[in-house]
Amino acid sequence: MKYVGEAPQEELATGERSTRNRVARSILDHGPSTAADLAKRVGLTQAAVRRHLDALVSDDVVEAREQRVYGARTRGRPAKVFALTDCGRDAFDQSYDKLAADALRWIAESGGDEALVAFARARMAALSEKYRTTVDAAEPQARTEALAKALSADGYAATARSAPAPQLGEQLCQHHCPVAHVAEQFPQLCEAETEFFSSLLGTHVQRLATLAHGDGVCTTYVPRSSPAAHPTVPQTTTSASASTAGRNPA
């Protein structure tokens, strides 16, 4: 293995940038991460990862924050995690944000909130056939995972995991959202997506957190339930975090 310190200066600079991009990309794909988690994923020591994180923080690509705890909090200080800033997300995707926001603002001004909601729902309906085919092909207990894989294929870097006790269900986590900046101003996009997930999975779901509200990841709680037919009118529960536009002051 060739150590970075042994490379010529030009190669060193290129290698440093490449490694920092890998660290940032890992945070994008997996959400807010500790230095220990990042070290395992990118194959570096924690000391090396911290050095790259310090540089990324200095460049306003990532920021350090306390890890959010769902459920019972254990003793001791919460672990420090590193999350992408708005600047960091901009470096990966999210072009045409202003154009999209201007278009949605025109819809709202011309047709009111009902027109905006109709557009948001129509946007999700256009994806319905592709996603429903994938989800329906999976076993009932694997449908959240199937939805996560389908979302990842469309750039949402999604994962599914068991919800922390005492909840009985799963959490669908989207670590990236191509329309997060626009959804800050138009939470109807998030609300329509939540309804869409409920329809696909055949159960009510609850949005716990959103990137648009300043959380490190979009998190949707999917309760464990017996297989059921898809409801005609899905029931959804949207937390204040998902339905409130603007950034989280914390």
Worksheet item: Nearest 0.5 Å, what's the OG1-CZ distance between T34 and F82?
Response: 9.0 Å
Item to complete: Of all the heavy-atom pairs spanning P32 and V81, show the shortest one and how long it is.
Response: CB-CG2, 3.9 Å
Worksheet item: Is S33 reaching over with its side chain to a backbone N or O of G31, donor-acceptor style, under 3.5 angstrom?
Response: yes
Worksheet item: If you look only at pairs with a residue in residues 112-140, which of them pass as a ring-ring contact (aromatic ring centres under 6.0 Å, His included), with sequence neighbours excluded?
Response: Y131-F196
Fill in: Reference residue V62; test side chain to side chain contact (heavy atoms under 4.5 Å, CB included); the match among D54, L56, V23, L28
L56
Worksheet item: Restricting to pairs with a member in residues 115-129, which pass salt bridge (charged side-chain N to carboxylate O under 4.0 Å, His left out), not counting sequence neighbours?
Response: R121-E195
Item to complete: Might you work through the side-chain contact (heavy atoms from CB on, under 4.5 Å) test for H52 and R22, ending with a clear yes or no?
Response: CA-CA 10 Å; H52 289 296; R22 287 170 53 212; over 6 Å; no
Worksheet item: Can you list every salt bridge (charged side-chain N to carboxylate O under 4.0 Å, His left out) pair that touches residues 28-46, not counting sequence neighbours?
Response: R25-D29
Worksheet entry | R20 side chain vs A55 backbone, donor-acceptor pair below 3.5 Å | no
Discussion item. I need the minimum non-hydrogen distance between L201 and V205, along with the two atoms involved.
Written reply: CD1-CG1, 4.4 Å
Response to the item:
Sorted by chain and number, sequence neighbours left out, side chain to side chain donor-acceptor pair (under 3.5 Å) with D59 holds for none
Fill in: Trace of the side-chain contact (heavy atoms from CB on, under 4.5 Å) decision for F197 with L151
CA-CA 11 Å; F197 290 167; L151 288 167; 3.8 Å; yes
Fill in: Side chain T220, main chain R207, donor-acceptor under 3.5 Å
no
Discussion item. Holding to side chain to side chain donor-acceptor pair (under 3.5 Å), I want the full list of residues that pass it with Q174, two or more places apart in sequence or in another chain.
Written reply: E193
Worksheet entry | Heavy-atom closest pair, residues A146 and A138 | CB-CB, 3.8 Å
Worksheet item: Looking only at heavy atoms, what is the nearest atom pair of Y156 and P178, with distance?
Response: CE2-CD, 3.6 Å
Worksheet item: Does Q206 reach the side chain of P223, with side-chain heavy atoms less than 4.5 Å apart?
Response: no
Discussion item. Under 4.5 Å between side-chain heavy atoms, counting indirect links through other Ile/Leu/Val/Met/Phe/Trp/Tyr residues: same cluster for V117 and M124 or not?
Written reply: no
Worksheet item: Is there side-chain contact between P187 and H213, with heavy atoms separated by less than 4.5 Å?
Response: no
Item to complete: Any chance you could lay out the side-chain contact (heavy atoms from CB on, under 4.5 Å) test for T210 and C218, step after step, and finish with the verdict?
Response: CA-CA 4 Å; T210 65; C218 290; 4.1 Å; yes
Practice prompt. Determine, using the 4.5 Å side-chain heavy-atom cutoff (strictly less than), whether L127 and L172 are members of one ILVMFWY cluster.
Written response: yes
Worksheet item: Under the salt bridge (charged side-chain N to carboxylate O under 4.0 Å, His left out) rule, what pairs show up with a residue in residues 144-157, not counting sequence neighbours?
Response: K130-D154
Discussion item. Give me the atom names and distance for the closest heavy-atom approach of G216 to L211.
Written reply: O-CD2, 3.3 Å
Worksheet entry | side-chain contact (heavy atoms from CB on, under 4.5 Å) evaluation trace for L147 with V222 | CA-CA 12 Å; L147 176 56; V222 182; over 6 Å; no
Worksheet item: Side chain of T194, backbone of C190: donor and acceptor closer than 3.5 Å?
Response: yes
Worksheet item: With distance as the sole test, does S152 use its side chain to make a donor-acceptor pair with the main-chain N or O of A158 at under 3.5 Å?
Response: yes
Discussion item. Working to the nearest 0.5 angstrom, can you tell me the gap between L116 CG and R105 CZ?
Written reply: 10.5 Å
Worksheet item: Are R143 and L200 side-chain neighbours, meaning at least one heavy-atom pair lies under 4.5 Å?
Response: no
Worksheet, complete the sentence: d(H175 NE2, L84 CG) to nearest 0.5 Å is 11.5 Å
Discussion item. Return the NZ to CD distance between K80 and E66, rounded to the nearest 0.5 Å.
Written reply: 9.5 Å
Item to complete: Please answer whether the main-chain N or O of V61 pairs with a side-chain N or O of T85 as donor and acceptor at a distance below 3.5 Å.
Response: yes
Fill in: Shortest non-hydrogen contact from A120 toward Q188
CB-O, 3.6 Å
Worksheet entry | K98/D102 ion pair, N-O < 4.0 Å | yes
Discussion item. If you count heavy atoms of other groups shown closer than 6.0 angstrom to CD of E114, is the number above 12?
Written reply: no
